[in-house]
Protein chains: 2
Amino acid sequence: MSSINPDRLSLTTLRLLVAVAEEGSLSKASVRESIATSAASKRLSDLELALNTSLFNRNAQGMTLTPAGESMIQHARRILLAAATLAAEMSEYREGVRGHVRILAHLSAIIAFLPEDLERFFIAHSDLKVELEERPSSRVMKGIAEGWADLGICSADAEQPGLVATTYRRDRLVLAMRQDHPLAGTGPLAFADTLSFDHIGLHAESSIFTRSLIAAREASQVLRRRIHVPGFDAVCRTVQSNLGIALIPEPVFRILGPSMNLHYEELADDWARREIVIVRRGDQQLSAAAQLLLAHLLSADQRIGDDRPSS
Amino acid sequence: MSSINPDRLSLTTLRLLVAVAEEGSLSKASVRESIATSAASKRLSDLELALNTSLFNRNAQGMTLTPAGESMIQHARRILLAAATLAAEMSEYREGVRGHVRILAHLSAIIAFLPEDLERFFIAHSDLKVELEERPSSRVMKGIAEGWADLGICSADAEQPGLVATTYRRDRLVLAMRQDHPLAGTGPLAFADTLSFDHIGLHAESSIFTRSLIAAREASQVLRRRIHVPGFDAVCRTVQSNLGIALIPEPVFRILGPSMNLHYEELADDWARREIVIVRRGDQQLSAAAQLLLAHLLSADQRIGDDRPSS
DNA sequence: ATGGCCATTCGCGAAACGCGAAGGCGGTAG
DNA sequence: CTACCGCCTTCGCGTTTCGCGAATGGCCAT
């Protein structure tokens with residue numbers, strides 16, 4: 001009924017706990033943790049007393065986990081990992097870093113826009129640090145809503161309640177192909193006219209894939225799709241190998257296409273113009289560092305900046 | 001350079017930290033945490049000393065977070081949440097629970113198989129507790145690989161290195177429709193012959209959706225798909241409302257279909273027979289409770305039980 | 001039977017912790 | 001301009017916690 005006082009947990013006890021579990025013996029664990037075995041024993045038995053549950057089975061060979069102990073160390077490991085992450089991050093502050101911003105972004109932005117924007121940001125703010133993680137658009141939204149990061153950058157298609165989205169950039173999808181492809185040089189294309197060729201694309205969660213499925217359905221045709229690859233560079237190499245054509249953002253093509261001698265054609269469809277947004281949680285204020293970064297990103301040349309609630 | 005000693009962190013300090021951040025004042029926070037303000041002040045300044053970083057800006061109105069402080073409380077909240085979860089779970093052991101098993105499962109299994117299997121399991125093991133969480137198949141695999149749960153149940157299509165998969169059940173996908181639908185009563189169907197009707201389905205990450213996309217492509221046709229809904233019950237209600245037909249597992253149909261007066265037709269395609277597997281990590285031993293549950297699930301009547309590595 | 005390995009208990013000293021009182025600093029009201 | 005008020009910090013003291021080493025008892029293999 002009554003819950004254990006969570007303050008009773010000390011991180012050293014948790015470390016000791018996993019050490020004992022891993023070493024199989026209290027004495028070995030205590031040398032590993034640089035503590036007298038007597039002290040270690042006391043810590044553990046005090047913990048078990050407070051929990052009113054035995055965590056280990058004792059015998060002459062050492063200590064093995066009880067079921068309760070197994071649950072315990074799973075949580076313990078998780079907590080210790082979080083604590084270590086915290087410690088690492090804080091030590092960066094000590095060495096001059098003045099702010100952390102966590103970003104989730106979809107692949108297009110990471111390849112097309114973010115590097116330059118972040119580079120210019122770091123010139124002005126060498127004391128800030130940004131952690132950037134790639135996710136498909138829908139999971140960017142979820143991640144922000146769940147508090148895993150401060151800012152999210154993704155296509156505006158996905159939706160999630162409780163978030164505020166601000167337009168960041170607009171881009172266009174273009175069709176990448178080999179220079180000797182039949183479609184090369186035939187001018188702006190309707191997506192429907194490309195459906196007789198094999199398409200290459202990212203994983204099924206990507207917004208480009210989702211969007212092209214819808215378009216194919218509207219054209220009452222099927223999307224031929226033999227190959228999924230993990231990144232735009234892989235997409236382009238696959239196109240280069242004559243395995244198909246691919247729908248990619250125009251800025252991405254400008255970066256990857258020329259060096260692989262690829263050709264591109266514009267897409268005439270409306271939905272080829274995409275809106276890329278920066279999302280943040282609506283219910284709590286951004287940290288100063290995140291505000292700085294947000295302001296910087298929105299002040300980039302293509303800035304639009306109309307705020308609006310998402311969903 | 002050198003990292004802060006993580007043992008320096010005590011959970012009470014972390015709790016105090018978020019209290020101060022939320023209350024905006026050390027004195028208010030100290031009454032909330034039932035501690036003298038002097039002691040609270042000491043805890044915080046000791047922490048800042050150890051970190052060699054200031055976490056708060058002090059002024060006459062109270063205390064506000066510095067950038068470092070903002071990072072800190074994000075981690076602190078996460079750690080405290082984990083600690084509270086741990087405490088809650090451990091208190092269950094104190095009240096007689098003898099083991100915990102965490103399961104990730106895809107929707108089909110949760111609706112079709114798991115309830116009965118778990119029910120019989122609990123009759124034999126009333127002292128064990130199971131935490132069940134729904135995820136699409138691909139994320140079940142990931143979750144197990146990352147150690148978020150002990151056992152995963154999902155379709156065998158997805159793959160992930162480092163996991164061991166055991167066949168759990170086999171099921172078939174059938175086509176659910178209204179009794180007055182044109183396809184009703186026309187005998188076993190080829191999936192390709194159903195593509196001229198609107199399909200209803202789960203979200204895009206579901207393995208059924210992925211599979212039917214492939215099948216549509218192989219038939220060189222498009223999958224008409226107007227509606228995504230969040231669960232099988234919603235799928236069936238949508239079918240009932242004459243918005244389309246739906247591909248669902250046969251056991252799910254048996255549960256939901258009759259009460260909604262729906263009709264079903266078998267699917268002749270090979271891929272309609274699906275294999276549902278139980279996956280677990282290959283690199284570490286299961287807890288005793290998880291072993292029990294695994295054995296129980298595999299001893300169900302349809303048991304197959306051929307072990308093999310995944311990926 | 002005996003020695004090795006293992007965990008626990010005990011007493012003592014040191015360090016950490018919490019508390020209340022006193023002090024300094026900055027706004028604000030009269 | 002001064003007096004006050006709220007806020008955080010510092011200080012000294014008593015209590016509690018913590019860690020250590022030595023001694024104890026159990027189990028197993030030789």
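Bear in mind the structure is a predicted one, so any value in this text is a computation, not a measurement. Naming: A, B, ... by sequence-line order, numbering from 1 per chain.
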A.B. asks: Measure CD1/Ile35(B) against P/dG20(C) and give the value in whole Å, please.
C.D. replies: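 Rounding to the nearest Å, CD1 of Ile35(B) and P of dG20(C) are 11 Å apart.
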A.B. asks: Whole Å only: how far is the CG atom of Leu49(B) from the C1' atom of dA16(C)?
C.D. replies: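 Roughly 15 Å, once rounded to whole Å.
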A.B. asks: Calculate, to the nearest 0.5 Å, the distance between atoms CZ and CG belonging to Arg169(A) and Leu298(A) respectively.
C.D. replies: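 Reported to 0.5 Å precision, the distance equals 10.0 Å.
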A.B. asks: For the pair made of CZ in Phe56(A) and C1' in dC6(C), what is the distance, rounded to whole Å?
C.D. replies: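 To the nearest whole Å, that distance equals 14 Å.
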A.B. asks: Consider the side chain of Thr37(B), meaning its heavy atoms from C-beta on, and name the nucleotide among dA7(C), dC28(D), dT9(D) that approaches it most closely.
C.D. replies: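 The closest nucleotide is dT9(D).
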A.B. asks: Of Lys42(A) and Asn59(B), whose closest DNA chain D nucleotide lies nearer the 5' terminus?
C.D. replies: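 Here Asn59(B) is the residue nearer the 5' end.
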A.B. asks: Measuring only between side-chain heavy atoms, which start at C-beta, is Ile153(A) closer than 4.5 Å to Val140(A)?
C.D. replies: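 Not touching, per the 4.5 Å side-chain cut-off.
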A.B. asks: Please determine whether any donor N or O and acceptor N or O are separated by less than 3.5 Å between the side chain of Ser38(A) and the base of dG21(D).
C.D. replies: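 Present.
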A.B. asks: Calculate the interatomic distance between Asn57(B) atom CG and dC25(C) atom P; express it in whole Å.
C.D. replies: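 After rounding, the gap between these two atoms is 19 Å.
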A.B. asks: More than 12 foreign heavy atoms under 6.0 Å from CD of Glu116(B): is that the case here?
C.D. replies: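 Counting other residues, nucleotides and ligands, CD of Glu116(B) exceeds 12 neighbours.
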A.B. asks: When you check the phosphate oxygens OP1 and OP2 of dC7(D), does a side-chain N or O of Arg58(B) lie under 4.0 Å from one of them?
C.D. replies: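 For Arg58(B), the contact criterion (side-chain N or O under 4.0 Å from OP1 or OP2 of dC7(D)) is not met.
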A.B. asks: Look only at the side chain of Ser45(A) and the backbone of Lys42(A), and say whether a donor-acceptor pair between them is shorter than 3.5 Å.
C.D. replies: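 Pair found, side chain donor or acceptor close to backbone of Lys42(A).
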A.B. asks: Please compare Glu48(B) and Ala36(A) by the position of their nearest nucleotide in DNA chain D and report the one closer to 5'.
C.D. replies: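 The residue whose closest nucleotide sits nearer the 5' end is Glu48(B).
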A.B. asks: Under a plain distance cut-off of 3.5 Å, with no hydrogens placed, do Asp117(A) and Tyr168(A) share a side-chain donor-acceptor pair?
C.D. replies: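 Result is yes, a qualifying pair exists.
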A.B. asks: Quickly work out the Arg15(A) CZ to dG19(D) P distance and round it to whole Å.
C.D. replies: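 That distance rounds to 13 Å.
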A.B. asks: Identify, residue by residue, the members of residues 16-30 of chain B with a heavy atom below 4.0 Å from DNA chain D, and return them in order of residue number, or none.
C.D. replies: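 When residues 16-30 of chain B is checked for heavy atoms under 4.0 Å from DNA chain D, the hits, listed by number, are Ser25(B), Leu26(B), Ser27(B).
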A.B. asks: Show, in sequence, the C-alpha distance, side-chain angles and deciding distance for Thr64(A) and Arg58(A), and conclude whether the side chain to side chain donor-acceptor pair (under 3.5 Å) test is met.
C.D. replies: CA-CA 7 Å; Thr64(A) 65; Arg58(A) 277 83 164 164; over 6 Å; no
A.B. asks: Taking the side chain as every heavy atom from C-beta outward, state whether Val164(B) and Val279(B) have any atom pair closer than 4.5 Å.
C.D. replies: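 No - every pair of side-chain heavy atoms lies 4.5 Å or more apart.
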A.B. asks: Round to a whole Å and report the spacing from CG of Leu44(A) to P of dA7(C).
C.D. replies: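 Taking CG of Leu44(A) and P of dA7(C), I get 10 Å after rounding.
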A.B. asks: Using only side-chain N and O atoms of Arg43(B), determine if any of them is under 4.0 Å from OP1 or OP2 of dG18(C).
C.D. replies: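 It does, given that an N or O in the side chain of Arg43(B) lies less than 4.0 Å from OP1 or OP2 of dG18(C).
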A.B. asks: Looking only at the side chain of Met63(B) (C-beta and beyond, no hydrogens), which of the listed nucleotides dT9(D), dC19(C), dC28(D) gets closest?
C.D. replies: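 Selected nucleotide (nearest to the side chain): dT9(D).
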A.B. asks: Can you measure Asp46(A) atom CG to dT16(D) atom C1' for me and round it to whole angstrom units?
C.D. replies: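 In whole Å, dT16(D) C1' and Asp46(A) CG are 13 Å from each other.
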